[in-house]
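Have a look at the structure below before the remarks.
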Amino acid sequence: MNVLVTGGAGFIGSSYVRHRLDAHPDFSVRVLDKLTYAGRRENLEGLPAERCELVVADVADRDAVRAALEGCDALVNFAAETHVDRSITAPGEFIQTDVYGTYVLLEAARDAGVRHLQVSTDEVYGSIDEGSFTETSPLDPSSPYSASKAGGDLLVGAFRSTYDADALIVRASNNYGPRQYPEKLIPLCVLNALAGDPLPVYGDGKQVRNWLWVEDFASAIDAVLEFGEPGEVYNVGGPDELPNIEVIQRILELTGRDESLISYVDDRLGHDRRYSLSAAKTEGLGWEAAVRFEDGIERTVEWYRENEWWWKPIRGGEYREYYERQYGAGLLSDTSSASRPGVSG
Ligand code: NAD
Ligand code: DAU
């Protein structure tokens with residue numbers, strides 16, 4: 001299959017594009033991405049141009065989407081506004097992209113007669129104190145982000161029931177690994193620790209997240225794209241659950257810093273306490289997670305250590321202003337000397 005990957009210049013989308021090109025050498029990928037602050041050309045750097053084309057466009061642009069689908073046998077939709085904290089301060093873009101954009105894509109895929117795989121999140125189920133969510137758990141989203149993702153998921157179900165569209169959903173727990181924008185907990189703390197800046201912990205730091213290595217999610221998506229049934233939902237939970245404070249302590253150890261950098265700050269509004277997702281149904285398709293948190297977090301710290309060219313321009317730009325708005329205090333370290341020959345920020 002030649003695949004249209006919307007949002008393919010982001011963190012998970014670009015990992016999936018790499019996986020797809022490696023695993024299917026006879027086929028190509030077309031990426032459609034608006035290149036928001038989170039979408040970066042350099043995430044696709046080094047990929048073979050003859051098999052990986054980038055179309056810069058908005059998923060809400062009906063004509064651009066239809067043109068990009070030509071010659072494609074399936075669509076995998078990663079495009080979304082994705083950061084919970086930004087959805088709390090400015091929800092509008094989330095509804096536009098995550099709900100309306102999903103509708104535009106569903107309609108285009110239905111009309112082209114191709115499969116639409118919607119990439120969604122465990123956050124649509126809300127928080128769970130004990131046990132794990134399954135695909136039949138009710139939707140109970142807490143944030144404007146998760147409510148927007150739930151809206152997209154409901155449209156997928158409606159397109160299946162109403163038009164018999166070949167649409168299905170994959171819902172993942174927290175991904176981590178290379179190329180994640182540093183607004184998210186792990187890259188934010190890794191970069192702050194490397195720079196000697198404080199690590200902001202929301203509330204008591206005992207919220208639990210279910211960590212999934214991004215390349216494991218990429219292989220799960222391919223399994224669902226190939227073997228998943230139309231109209232079905234497939235949960236992809238990671239193998240390890242940890243309280244945030246333990247994740248942060250591990251990052252401090254790996255970067256050679258001590259706990260004096262930990263800074264407890266005001267809690268996130270509507271903060272979900274715990275996520276946990278059963279991956280049993282997806283494992284039934286022959287997939288399993290290969291990387292445990294213990295190894296993945298070491299690889300992640302190593303990647304950020306070795307790829308300053310990737311993150312230095314980010315820490316010096318829009319991110320710096322966002323950080324100040326979000327945390328009420330600026331990054332302390334100087335990040336002005338960013339760049340690598342031949343790569344623009
Ligand atoms: P990201 O923020 O790194 O990337 C999002 C990508 O979508 C960017 O390349 C951005 O430019 C693009 N985009 C945004 N709005 C667009 C628009 N209107 N038109 C075209 N492109 C647009 O996000 P991510 O972490 O890679 O997440 C990808 C998908 O996976 C999202 O749908 C997210 O909800 C879902 N998800 C993420 C996680 C996680 O832990 N990161 C877990 C479960 C599900
Ligand atoms: O669960 C899947 C979801 O994981 C995805 O759908 C989202 O797109 C993705 O952003 C992520 O959402 P979270 O809110 O779980 O991730 P985040 O990295 O923002 O936060 C992880 C935990 O760390 C959460 O409990 C909030 C906490 N946190 C986060 C930040 C940014 C802090 O304590 N301090 C921080 O500065």
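Counting convention: from 1, in listed order, for ligands and their atoms alike. All figures in this text were calculated on a predicted structure; none of them were measured in a lab. Just so you know, these numbers use all the heavy atoms, side chains as well, and skip hydrogens, waters and symmetry mates.
The neighbour count for Arg41 CZ, taken as heavy atoms of other residues, nucleotides or ligands under 6.0 Å away, does not exceed 12. Heavy-atom neighbours of Glu253 CD from other residues, nucleotides or ligands within 6.0 Å: above the threshold of 12. A 6.0 Å sphere centred on CD of Glu294 holds no more than 12 heavy atoms belonging to other residues, nucleotides or ligands.
Taking only nitrogen or oxygen atoms, main chain and side chain alike, Thr121 reaches within less than 3.5 Å of ligand 2. Inclusion of Ile186 in the set of residues having an N or O under 3.5 Å from an N or O of ligand 2 is not warranted. Considering backbone and side-chain atoms alike, Glu123 places an N or O below 3.5 Å from some N or O of ligand 2. At under 3.5 Å, a nitrogen or oxygen of Arg268, whether backbone or side chain, sits near a nitrogen or oxygen of ligand 2. Annotation: Glu183 places no N or O atom under 3.5 Å from an N or O atom of ligand 2; distance criterion only.
Below 4.0 Å from some heavy atom of Tyr327 lie the following atoms of ligand 2, by number and element: 30 (C), 31 (C), 35 (C), 36 (O). Residue Val201 approaches ligand 2 through these ligand atoms, each under 4.0 Å from one of its heavy atoms: 33 (O). Under a 4.0 Å criterion applied to the non-hydrogen atoms of Tyr275, ligand 2 contributes the atoms 1 (O), 15 (O). Every atom of ligand 2 is numbered from 1 in the order shown, and the set under 4.0 Å from a heavy atom of His83 is 19 (O). Which parts of ligand 2 touch Asp122 is read off a 4.0 Å heavy-atom cut-off, strictly below it: atoms 1 (O), 2 (C). Against a heavy-atom cut-off of under 4.0 Å, Pro200 is close to the following atoms of ligand 2: 32 (C), 33 (O), 34 (N), 35 (C), 36 (O).
Classification of Lys281 and Glu135 as a salt-bridged pair fails, no side-chain N sitting under 4.0 Å from a carboxylate O. Contact check on Arg274 versus Asp129 returns no salt bridge, with no Lys/Arg side-chain nitrogen under 4.0 Å from an Asp/Glu carboxylate oxygen. We find that Lys149 and Asp98 are not joined by a salt bridge, their nearest charged nitrogen and carboxylate oxygen being 4.0 Å or further apart. A salt bridge links Asp164 and Arg160; the closest N-O separation between the charged side-chain nitrogens and carboxylate oxygens is under 4.0 Å.
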Which is it for Ser120 and Asp153 under the side-chain contact (heavy atoms from CB on, under 4.5 Å) test, yes or no, and what are the steps along the way? CA-CA 7 Å; Ser120 187; Asp153 287 8; 2.8 Å; yes

With salt bridge (Lys or Arg N to Asp or Glu O under 4.0 Å) as the test, would you mind laying out the steps for Asp166 and Arg115 before giving the verdict? CA-CA 5 Å; Asp166 181 5; Arg115 169 161 275 203; 2.9 Å; yes

Worked verdict on Arg86 versus Glu183 for salt bridge (Lys or Arg N to Asp or Glu O under 4.0 Å): CA-CA 9 Å; Arg86 292 191 197 241; Glu183 63 194 352; 2.7 Å; yes

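In His271, the part holding a heavy atom less than 4.0 Å from any atom of ligand 2 is the side chain. Residue contacts with ligand 2, taken as heavy atom pairs separated by less than 4.0 Å, involve Asn244 solely via side-chain atoms from C-beta onward. In Val84, the part holding a heavy atom less than 4.0 Å from any atom of ligand 2 is the side chain. With a 4.0 Å cut-off on non-hydrogen atoms, Leu185 touches ligand 2 through its backbone as well as its side chain.
In this structure, the protein non-hydrogen atom closest to atom 4 (O) of ligand 2 is Asn174 ND2, 3.1 Å. Nearest non-hydrogen protein atom to atom 9 (C) of ligand 2 is Thr82 O, 4.0 Å. Closest to atom 33 (O) of ligand 2, if we only count protein heavy atoms, is Tyr202 N, 2.9 Å.
Side chain to side chain, Tyr322 and His83 meet the donor-acceptor criterion of an N or O pair below 3.5 Å. With no hydrogens or angles considered, no side-chain donor-acceptor pair links Arg20 and Asn2 at under 3.5 Å.
Of the candidates Tyr181, Tyr176, Tyr145, Tyr145 brings a heavy atom nearest to atom 6 (O) of ligand 2.
Taking Tyr103 as the reference, Tyr100 meet the ring-ring contact (aromatic ring centres under 6.0 Å, His included) condition, with sequence neighbours excluded. With sequence neighbours left out, the ring-ring contact (aromatic ring centres under 6.0 Å, His included) criterion links Phe217 to no other residue. Scanning for side chain to side chain contact (heavy atoms under 4.5 Å, CB included) contacts around Thr97 gives Val59, Glu93, with sequence neighbours left out.
The only option from Tyr181, Tyr37, Trp311 that meets the ring-ring contact (aromatic ring centres under 6.0 Å, His included) definition with Tyr319 turns out to be Tyr181.
Residue Lys149 places every heavy atom at 4.0 Å or more from ligand 2.
Sorted by chain and number, the heavy-atom contacts of ligand 1 below 4.0 Å come from Gly7, Ala9, Gly10, Phe11, Ile12, Asp33, Lys34, Leu35, Thr36, Ala38, Gly39, Ala57, Asp58, Val59, Phe78, Ala79, Ala80, Thr82, Thr97, Val119, Ser120, Thr121, Tyr145, Lys149, Ala172, Ser173, Asn174, Asn175.
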